[in-house]
Protein chains: 2
Amino acid sequence: MGVTVATMQDVAQRAGVSLSTVSYTLTGKRPVAPATRARVEQAMAELEFRRSPVARALASRRTHVLALAYPVFGVSLGATLNEIVRGAVEAAREAQYELVLWPVSSGEPGLLRELAEQRTADGVLLMEVSLDDPRIEAVESAGLACALIGRSADPGDRVWVDIDFEQAIEAAVEHLASQGHSRIAFVNRAQAELDAGYGPAVRAQWAFDAATARRGLVGYSTASDVTPSAGRRATSALLAAHPDLTAVVVMNELALFGVSAALREAGRTVPGDVSVVGVAISGEISEMYDHPLTYLAAPGPDQGRRAVHGLLEVLDGRPAPAGVNLPCTLQVRETSGPATRLDPR
Amino acid sequence: MGVTVATMQDVAQRAGVSLSTVSYTLTGKRPVAPATRARVEQAMAELEFRRSPVARALASRRTHVLALAYPVFGVSLGATLNEIVRGAVEAAREAQYELVLWPVSSGEPGLLRELAEQRTADGVLLMEVSLDDPRIEAVESAGLACALIGRSADPGDRVWVDIDFEQAIEAAVEHLASQGHSRIAFVNRAQAELDAGYGPAVRAQWAFDAATARRGLVGYSTASDVTPSAGRRATSALLAAHPDLTAVVVMNELALFGVSAALREAGRTVPGDVSVVGVAISGEISEMYDHPLTYLAAPGPDQGRRAVHGLLEVLDGRPAPAGVNLPCTLQVRETSGPATRLDPR
DNA sequence: CATCCTTATCGAAGCGCTTCGCGGAAGCGC
DNA sequence: GCGCTTCCGCGAAGCGCTTCGATAAGGATG
């Protein structure tokens, strides 16, 4: 407990300079003669000096803390969240920032505003941003900057980092088409998300329709709640309605688990009878799949990193980097293979 | 940006009292006359006053921040971590504390000490504590209190919150025994953890051996790395060596996924031929299982909450609550059922 | 009515740092 | 050798709050 720590005052005294000189050697905001700097640094070393982040924050009005606001609808976000958090936390640490967690569902911007007004953080990372997200206004009206993980309808010149769903879907379809698949099913996210115009679901649907149409392929689409059982039902229904399908593209992390169960129940082997490709799946999830899954890996950690970097740019008064759609990278494993001719059963 | 906020000084002025009186009405550390208190509170409301956490921290030497140190070995921790974090973050918020993330693998106590010495947090929650964890010393030598999620060999009078593995295993075995199973396999965590004497693995093994022995049952144990493929291999090996087993107890979140694959490959149905029970599994993981899984739910969120509460007690100078082993609750779903007589194949 | 408590409030001294204005000492050209 | 610019370093004023000793105003007491 009562560990006493050296202050900048102590360092100044020991080095025989003034307090402000110590500060300037630390911040570099004014030149310090090499000799002086050396003395100061030695004094700091001898005293094991550690600058107090709290005092610094008070004096400079910068807390060096970033907040991560994430929605708390229980499950499902788990793995995705994790990867993004991991990237964000690493990037923050490298930049000497701390990362605090603000669990705020998108339904309660009031709480977010409350937190933001405390000014305990310099900026906020908003996860799972929806097209018209009230949280953005909540954060900005409190005078904090924010970076969007995802994208709102009109991000303006804010920092945003989204997934390139178009590219991912296109790549998935291309991968399958190149193997001779011509009747491809698509399991999207929940119907509610589509109805609400939620970006990822809508963009993926467009992309899928475009990718199949352009190639003259047949696409069968369905939506599924984000649970294994919903995925199972959706897939069973698809198989019943379109027994001739030879591939399934799934952009729904949890439904994925139900998809394989449904295929198995229907007596279809993977990838013998049906190929399965996951889209925007986190590496963590893919590893839990029963076969090594062919998937388009979500840029999770990178998304987190970029959001942090962008936010820091803004905080430092530099222009915000342009928003980016990060591509997913195709990981070919064992759930995809050449299409086999299949008689409708 | 430049949003100006009211300070306590402003409030004092408006209420016609001194700065310190405002402070005392806020902290309650000295009595304030009801009438005065009312005036102050009204002034605060009118000015939309928000106390600055930073200034408060500097003056009071309490940051009102808790740090969560978690190991960063990529995967696997995901779901478990999440639940614990969720509990911790909620408990912290309720107590008006912030929760920051410190990603520090247990191999680098130096980094942890560094962070602790910054005194940017009042206390540290240590996740995945090992029997002889150097991080404890790192945190305490910096003068911070810590709470252990898990337990070290000698927790002393520190706060610790672990899972009652004995109870969980016992409950799993009891559940199976009551259904007539007499030859039960156990898939533990990695051999390396057993060799290292890592608490959970070792305790679970003892418990399993005890639970089966006490009932005169036959137990087949094996260890598996924390991946689906390792689980698959381990299970295949078990089935080959002991074709007569009718149940598998799995205390290994990721191996679980491989277990079902191996059973399927061996032509065993679940729960017809073989029952599967997960132990200390998070709800999130259980939902990803292909069948509704019978499991002993890890007390994840509660673990996080308790650790926070305990830590806060200590920070407030009260005696630390005694360490606890939290029980897992049996969730009977569809992967367990009565034992069927089975001819060794 | 002088005395001694109580009780509510005030003023001031920090907490450990950043930042701004100032000024002494060199260094420069002419 | 004079003014002028540069370069460094100093002192002091905060940042917004907590906390401690002191004080004024009543009340109770003898």
Side-chain angles (χ1 to χ4, degrees), chain A residues 2-41 43-44 47-65 96 117-120 122 143 316-317, chain B residues 2-41 43-44 47-65 96 117-120 122 143 316-317:
Chain A
V3 178
T4 341
V5 277
T7 72
M8 267 175 54
Q9 188 61 264
D10 302 330
V11 173
Q13 216 158 351
R14 179 158 196 132
V17 299
S18 83
L19 179 54
S20 51
T21 300
V22 177
S23 177
Y24 287 126
T25 74
L26 235 27
T27 64
K29 296 201 174 172
R30 280 198 189 177
V32 171
T36 318
R37 142 161 291 126
R39 289 219 313 288
V40 170
E41 284 172 348
M44 295 200 300
L47 296 174
E48 298 194 323
F49 168 76
R50 312 238 171 263
R51 183 156 49 159
S52 155
V54 175
R56 180 147 82 120
L58 180 59
S60 66
R61 287 120 230 266
R62 291 285 241 100
T63 61
H64 280 241
V65 170
Q96 312 261 53
E117 281 174 345
Q118 297 266 309
R119 322 209 118 247
T120 184
D122 293 335
D316 290 347
Chain B
V3 179
T4 343
V5 277
T7 73
M8 268 176 54
Q9 188 59 266
D10 302 330
V11 173
Q13 214 157 350
R14 179 160 197 129
V17 300
S18 84
L19 179 55
S20 50
T21 300
V22 177
S23 178
Y24 287 126
T25 73
L26 235 27
T27 64
K29 296 202 173 171
R30 279 198 190 176
V32 171
T36 317
R37 144 161 288 126
R39 289 218 315 286
V40 170
E41 283 172 349
M44 294 200 301
L47 295 174
E48 299 193 324
F49 169 75
R50 313 237 171 264
R51 184 154 49 158
S52 155
V54 176
R56 180 145 82 120
L58 180 58
S60 67
R61 287 118 230 266
R62 290 286 241 99
T63 60
H64 280 240
V65 169
Q96 312 260 52
E117 282 174 346
Q118 297 266 309
R119 324 209 116 245
T120 183
D122 293 335
D316 290 346

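These numbers were taken from a predicted model, which means no experiment stands behind them. Reminder, nothing fancy here: chain letters follow the sequence lines and each chain counts from 1.
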*Asks:* Taking the side chain of A/A59 as its heavy atoms from C-beta onward, which of D/dT18, D/dC15, D/dC8 lies nearest to it?
*Replies:*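 Looking only at side-chain atoms, A/A59 lies closest to D/dC15.
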
*Asks:* Quick one: look up who C/dC22 pairs with, Watson-Crick or G-U, both distances under 3.5 Å, and put none if it's unpaired.
*Replies:*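 Partner of C/dC22: D/dG9.
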
*Asks:* Working to the nearest 0.5 Å, report the span between NE2 of B/H64 and OG1 of A/T120.
*Replies:*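 Result: 11.0 Å between the selected atoms.
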
*Asks:* Rounded to the Å, how far apart are B/R119 CZ and C/dG16 P?
*Replies:*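 Going from B/R119 (CZ) to C/dG16 (P), I get 11 Å.
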
*Asks:* What is the distance, rounded to the nearest whole Å, between atom CD of B/Q9 and atom P of D/dC15?
*Replies:*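 Whole-Å distance recorded here is 10 Å.
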
*Asks:* Looking only at non-hydrogen atoms, find the nearest pair between B/R61 and B/D122 and report the distance.
*Replies:*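 Scanning both residues completely, I find the closest heavy atoms to be O-OD1, 4.4 Å.
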
*Asks:* Please tell me which of the listed nucleotides, C/dG16, C/dT9, C/dT19, lies nearest to the side chain of B/T36?
*Replies:*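 So the nucleotide nearest the side chain must be C/dT9.
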
*Asks:* Does a side-chain N or O from A/T21 land closer than 4.0 Å to OP1 or OP2 of D/dC10, or not?
*Replies:*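 Indeed, a polar side-chain atom of A/T21 lies that close.
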
*Asks:* If you only use heavy atoms from C-beta on, which nucleotide in C/dC17, D/dC17, C/dA8 is closest to the side chain of B/M8?
*Replies:*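 Among the listed nucleotides, the one closest to the side chain of B/M8 is D/dC17.
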
*Asks:* Under 4.0 Å: is that the gap between some side-chain N or O of B/S52 and OP1 or OP2 of D/dG16?
*Replies:*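 No, no such contact exists.
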
*Asks:* Give the nucleotide from the list D/dC8, C/dT19, D/dG14 with an atom nearest to the side chain of A/Y24.
*Replies:*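 Minimum distance to the A/Y24 side chain belongs to C/dT19.
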
*Asks:* Rounded to whole angstroms, how far apart are CZ on B/R61 and P on C/dG14?
*Replies:*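 B/R61 atom CZ is separated from C/dG14 atom P by 11 Å.
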
*Asks:* With a 4.0 Å cut-off on heavy atoms, is B/R50 in touch with a base, just the backbone sugar-phosphate, or nothing at all?
*Replies:*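 Sugar-phosphate, no base atom in range.
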
*Asks:* Just how far, in rounded Å, is P of C/dG16 from CG of A/L19?
*Replies:*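 Roughly 12 Å, once rounded to whole Å.
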
*Asks:* Check the distance between D/dC7's C1' and A/K29's NZ and give it to me in whole angstrom.
*Replies:*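 Taking atom C1' of D/dC7 as the reference, NZ of A/K29 is at 20 Å.
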
*Asks:* Of the non-hydrogen atoms in A/V54 and B/A57, which two are nearest, and what is the gap between them?
*Replies:*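 Closest pair (atom of A/V54, atom of B/A57, distance): CG1-CB, 3.7 Å.
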
*Asks:* Closer to the 5' end of DNA chain D via nearest nucleotide, is it A/S18 or B/T7?
*Replies:*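 The residue whose closest nucleotide sits nearer the 5' end is A/S18.
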
*Asks:* Looking only at non-hydrogen atoms, find the nearest pair between A/T25 and A/V40 and report the distance.
*Replies:*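 Heavy-atom minimum between the residues: OG1-CG1, 3.4 Å.
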
*Asks:* Does A/V32 reach a base, just sugar-phosphate, or nothing at all? Heavy atoms under 4.0 Å.
*Replies:*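 Sugar-phosphate: the residue A/V32, judged by heavy atoms under 4.0 Å, touches backbone atoms but no base.
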
*Asks:* Please name the pair of heavy atoms, one in A/T21 and one in A/V32, separated by the smallest distance, quoted to 0.1 Å.
*Replies:*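 For A/T21 versus A/V32, the nearest heavy atoms are O-CG2, 4.4 Å.
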
*Asks:* Quick check for you: among C/dC15, C/dC17, D/dT18, whose closest atom lies nearest to any side-chain atom of B/S60?
*Replies:*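 The closest nucleotide is D/dT18.
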
*Asks:* Considering only side-chain heavy atoms of B/S20, which listed nucleotide, D/dC10, D/dC17, D/dT19, is closest?
*Replies:*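 So the side chain of B/S20 is nearest to D/dT19.
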
*Asks:* Rounded to the Å, how far apart are A/R56 CZ and C/dG16 C1'?
*Replies:*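 Rounding to the nearest Å, CZ of A/R56 and C1' of C/dG16 are 12 Å apart.
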
*Asks:* Could you check whether the side chain of B/R30 and the base of C/dT9 have a donor-acceptor pair of N or O atoms closer than 3.5 Å, going by distance alone?
*Replies:*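 Yes.
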
*Asks:* Starting at the 5' end of DNA chain C, which residue's closest nucleotide do you reach first, A/V22 or B/A55?
*Replies:*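 Its nearest nucleotide lies further toward 5', so the answer is B/A55.
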
*Asks:* How many Å lie between CG on A/D122 and P on D/dC15, as a whole number?
*Replies:*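 So the CG-P distance, A/D122 to D/dC15, works out to 18 Å.
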
*Asks:* Rounded to the nearest 0.5 Å, how far does CZ of A/R56 lie from CZ of A/R62?
*Replies:*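 Taking CZ in A/R62 and CZ in A/R56, the distance rounds to 9.5 Å.
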
*Asks:* How close or far is atom C1' of D/dT18 from atom CG of A/L58, stated in whole angstroms?
*Replies:*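 For the pair A/L58 CG and D/dT18 C1', the rounded distance is 12 Å.
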
*Asks:* Which is true for B/V17 with a 4.0 Å heavy-atom rule: it touches a base, it touches only sugar-phosphate, or it touches nothing?
*Replies:*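 If one applies the 4.0 Å heavy-atom cut-off, B/V17 turns out to touch the sugar-phosphate alone, with no base involved.
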
